[in-house]
Structure formats: structure tokens, C-alpha cells
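What follows is a single structure, written as C-alpha cells, with notes after it.
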Amino acid sequence: METVSEAELRQVAEEYVLKTYAPSLVLVRGRGSWVWDAGGRRYLDFGTGISVCNLGHCHPRVTRAIRQQATRLMHVSNLFLNEHQPRLAKLIADNSFGGKVFFANSGAEANEGLIKLARRWGAEKGKYHIITMEGSFHGRTLATLAATGQTKYRKGFQPDVVGFSHAAYNDLEAVKAAIRPETAAILVEPVQGEGGVRPAEPEFLRGLRALCDAQGLLLMFDEVQCGMGRTGHLFAYQSYGVTPDAMSMAKALGNGFPIGAFEVQRQFADVFQPGTHASTFGGTPLACAAAIAVLETFAAENVLENCRSSGALLMRRLGELRDRHATVRDVRGLGLMVGVELQDSVAPVMAAARERGLLVLNAGDTVLRLLPPLTVKPREVELAVRRLDQALTACGK
Ligand SMILES: *Cc1c(COP(=O)(O)O)cnc(C)c1O
């Protein structure tokens with residue numbers, strides 16, 4: 001492989017890549033909970049590409065599946081049936097609420113599908129309006145931006161796609177008050193990710209379910225970030241015991257290979273007919289082979305059990321940090337989706353952690369977001385918390 005210096009690489013990026021990001025390190029390799037930068041330094045990855053590599057980097061089962069399928073058949077279009085797509089749909093259904101699945105490529109595209117489901121379902125009754133939550137994040141396409149309950153992402157992209165309103169999260173009365181005659185659906189993240197790692201109150205989700213049943217609305221969950229085992233169950237709705245009418249998934253479905261999907265309950269499966277919705281790259285043999293390997297790994301390697309026990313350990317250790325550092329205001333989360341709220345900006349702490357070989361994310365200005373692989377080992381959890389402890393101390397916190 002041709003090697004270029006980091007300085008050169010940055011210069012080419014500067015010159016040719018649109019500046020929608022401000023990347024820090026150059027990462028070149030990953031294995032399990034670890035990634036390596038261009039200079040050979042290794043980091044504990046408690047961000048996992050934003051909850052994408054939930055089985056750790058380059059999981060051997062997933063890598064093998066991609067490798068084998070890449071030599072057999074990568075793409076044929078949905079004008080033909082491929083040998084993996086039905087098997088993956090069945091695996092998803094068997095592991096959730098037994099619905100039917102549409103395949104897409106990303107979280108935003110999966111959520112667009114949910115939005116189109118709600119509109120198509122409501123069309124005959126004149127219903128199109130969707131209630132989403134303040135602080136939510138649903139993607140960067142125009143419709144998912146309008147669904148997103150944070151104005152900062154929409155700035156400069158107005159006019160908004162019509163038909164959305166935002167209600168306060170965890171406030172059932174606010175959602176009730178937002179219902180109109182033309183309301184078709186409620187869309188909610190069981191655990192808000194970008195909005196600050198905020199788990200829904202169980203009574204809130206139960207209340208939404210009852211409300212949707214009583215008023216004839218679709219209850220739709222965005223499980224793009226909180227799904228795929230992140231909360232200790234394969235899907236976050238299972239952690240709450242509240243089943244949606246439809247849900248989206250993406251991020252970790254392919255453990256790094258791009259794939260998204262949404263699943264609908266069978267009673268709503270006929271809303272889509274041939275020609276009503278499509279995606280060229282949706283559910284290719286290659287993407288489906290990767291996702292099948294992911295789901296098989298969950299079953300074969302006790303991933304959820306490890307998520308729960310490592311999550312409990314992480315929460316316990318972070319609780320001790322909170323007692324020692326005045327800046328830590330709150331530690332919250334579910335499974336291995338964990339937020340550490342600080343008194344002020346998390347940016348210096350993230351940088352100090354990086355210097356000590358720990359990668360963490362933020363969620364807004366004041367929340368550190370920890371999303372380690374679900375396969376993380378107890379000693380890696382201990383090491384990460386020690387490094388975070390040192391980072392907080394170094395920042396005078
Ligand atoms: C990341 C994310 C999305 C968008 O997914 P993309 O693959 O970036 O389009 C949507 N919803 C939630 C909850 C997310 O975390």
C-alpha cells in the first residue's frame with residue numbers, strides 16, 4: 001500500500017474534501033475495542049464510529065462473511081431476489097416483533113421510510129402529521145431534519161418539510177396536546193442519542209403506546225442508535241417492554257458495512273406495494289451477508305450478556321468518578337449507551353482523554369457520550385475509566 005505522511009493527507013483533505021467535519025486523528029487500523037492512528041499509537045475506542053462497530057472493529061465473523069460474499073456476488077438490484085435478503089429479514093423479524101422489513105443504506109434513509117409509511121398509511125384519512133420529540137435526532141435528509149427536534153441542524157436549510165411538530169420528551173401531556181385531526185404517527189427514540197443520551201421514562205413509552213392505541217396513531221421507534229444490542233437487549237423497545245408499530249435500525253446492523261432497515265408490524269405491511277418505495281442499494285447480497293453475520297454473532301457469543309454486565313460495571317465506576325469530580329453532574333444511560341453530563345464544555349476533556357489513549361464522543365456541549373463495543377472486556381472498562389479520571393483531573397475538574 002502506498003504510504004503518505006499525515007501532513008500530506010491532511011493537506012489533500014483540506015483541498016478536496018468538503019469541510020462538513022473537523023476530523024481529529026487519522027485512524028488506519030482497528031481490532032476489537034482498539035484503533036491505531038497513522039503514527040502507530042493505539043486508543044481504546046469508546047465511540048465505535050458512533051455505535052456502528054458494536055461487535056468491535058473487524059470482527060472476524062463479519063470480516064469473513066464480507067470477504068466470502070465479495071467474491072461471490074455483490075449486487076444484483078431488487079429486480080431479482082438475492083439469497084441473503086429474505087434470510088436477513090427473517091432473522092430481524094424472529095429477533096423482534098415478527099414484522100416485515102424494508103432495506104435501505106443509512107439511518108436517515110430508514111427513517112425516511114418510516115415517515116413515508118406514516119403518510120401513505122394516513123393518506124386516505126387525510127392524515128400526514130407526525131409528532132416527534134424535542135432534543136431528538138433523526139437524520140440529515142430534508143424530511144428527517146424536519147423531524148429532528150433540534151433547531152441547530154435545520155438552520156439555513158429552511159423552508160422545513162411540512163407536517164412535523166415537536167413535543168417535550170418524556171412529557172406525555174405535551175404529546176397529547178400536540179395531536180391534531182391530521183396526526184398520523186408519533187416518532188420517538190427510546191433513548192435519545194445526539195440529544196444528550198437521555199433514556200425515555202418507561203411510563204412515557206407505555207403512555208405513548210396507550211395513546212396511539214386509543215387514538216389510532218402509529219407508534220414508530222427510531223432505533224438507529226439505541227438498537228442493535230446497545231441497551232442490553234437486541235432492540236431498545238425490548239428493554240422497555242413497549243412494542244412499536246414500526247421501527248428503524250441502521251448504524252450497527254452491518255458492524256461497519258453500510259445498511260439500514262425498517263420493520264413494520266404485519267397489520268401495516270400492505271401499506272407498501274410494488275413501486276411505492278425503493279432503494280437501489282437496499283439489501284444487496286453483500287450488505288445482507290454482513291448483517292446476517294452480525295446477528296449470528298449476537299446469538300453465538302453472548303454479546304447481550306456482556307453488554308449488560310460491562311454496562312453495569314461502567315455505570316458503577318462512573319458513579320465513583322462523579323463522587324470525586326465536582327464537574328460531573330450526572331451519569332445516565334442504559335446498557336452500554338452512557339452519558340456523563342459535565343458542568344461545562346466537554347471538548348477539553350475529550351482532548352485530554354484522547355491524549356491518554358481514550359476516544360469518547362460528545363452529545364451536545366456538556367455531555368460525554370460513551371459507546372464502547374458491546375464486546376468490551378471488564379479490564380478495558382476499568383482502563384477507560386482510569387483514563388477518563390486522569391483526563392478530568394488534568395483539566396482541573
Ligand atoms: C445516526 C442517527 C440517525 C441518522 O443515521 P445516518 O446513518 O447518519 O443517516 C438517525 N437517527 C438516530 C437516532 C441516529 O443516531
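Just follow the structure's listing: the first ligand is 1, and inside any ligand the first atom is 1.
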Looking at Thr148 and Gln150, would you say the former's side chain and the latter's main chain have a donor-acceptor pair under 3.5 Å? no

Report, in ascending order of atom number, the atoms of ligand 1 lying under 4.0 Å from any heavy atom of Ser106. 7 (O), 9 (O)

With side chains defined as the heavy atoms from C-beta onward, is the minimum distance between Met337 and Ser51 less than 4.5 Å? no

I want to check something: taking the side chain as every heavy atom from C-beta on, are His233 and Leu304 in contact at a cut-off of under 4.5 Å? no

Do any N/O atoms on Gly139 end up under 3.5 angstrom from N/O atoms on ligand 1? no

If you measure from OG1 on Thr243 to CD on Gln265, what distance do you get to the nearest 0.5 Å? 7.0 Å

Distance filter under 4.0 Å to His138 heavy atoms, resulting ligand 1 atoms: 10 (C), 11 (N)

To the nearest 0.5 Å, tell me how far Glu109 CD sits from Ile259 CD1. 10.5 Å

The atoms of ligand 1 lying under 4.0 Å from a heavy atom of Ala108, numbered in the order shown, are 4 (C), 5 (O), 6 (P), 9 (O)

Do any nitrogen or oxygen atoms of Glu109 come within less than 3.5 Å of a nitrogen or oxygen of ligand 1? no

Under 4.0 Å from ligand 1, counting heavy atoms only, is it the side chain of Thr144, its backbone, both or neither? neither

Looking only at non-hydrogen atoms, the one of Ala104, Pro258, Gly107 nearest atom 5 (O) of ligand 1 is Gly107

Taking the six-membered ring for Trp, are Phe272 and His277 parallel (under 30°), tilted (30 to 60°) or perpendicular (over 60°)? parallel

Side chain to side chain, Ser136 and Gln192, heavy atoms closer than 4.5 Å: yes

Any idea which atoms of ligand 1 are less than 4.0 Å away from a heavy-atom of Asn111? 10 (C), 11 (N)

Is there a protein heavy atom at a distance of less than 4.0 Å from atom 11 (N) of ligand 1? yes

Could you walk me through whether Asn105 and Ser279 satisfy the side chain to side chain donor-acceptor pair (under 3.5 Å) test, starting with their C-alpha distance in whole Å, then the side-chain angles of each, then the deciding distance to 0.1 Å, before giving a yes or no? CA-CA 8 Å; Asn105 302 284; Ser279 176; 3.2 Å; yes

Is it the side chain, the backbone, both or neither of Lys251 that has a heavy atom closer than 4.0 Å to ligand 1? side chain

Please work out whether any backbone atom (N, CA, C, O) or any side-chain heavy atom from C-beta onward of Glu189 is under 4.0 Å from ligand 1, and answer side chain, backbone, both or neither. side chain

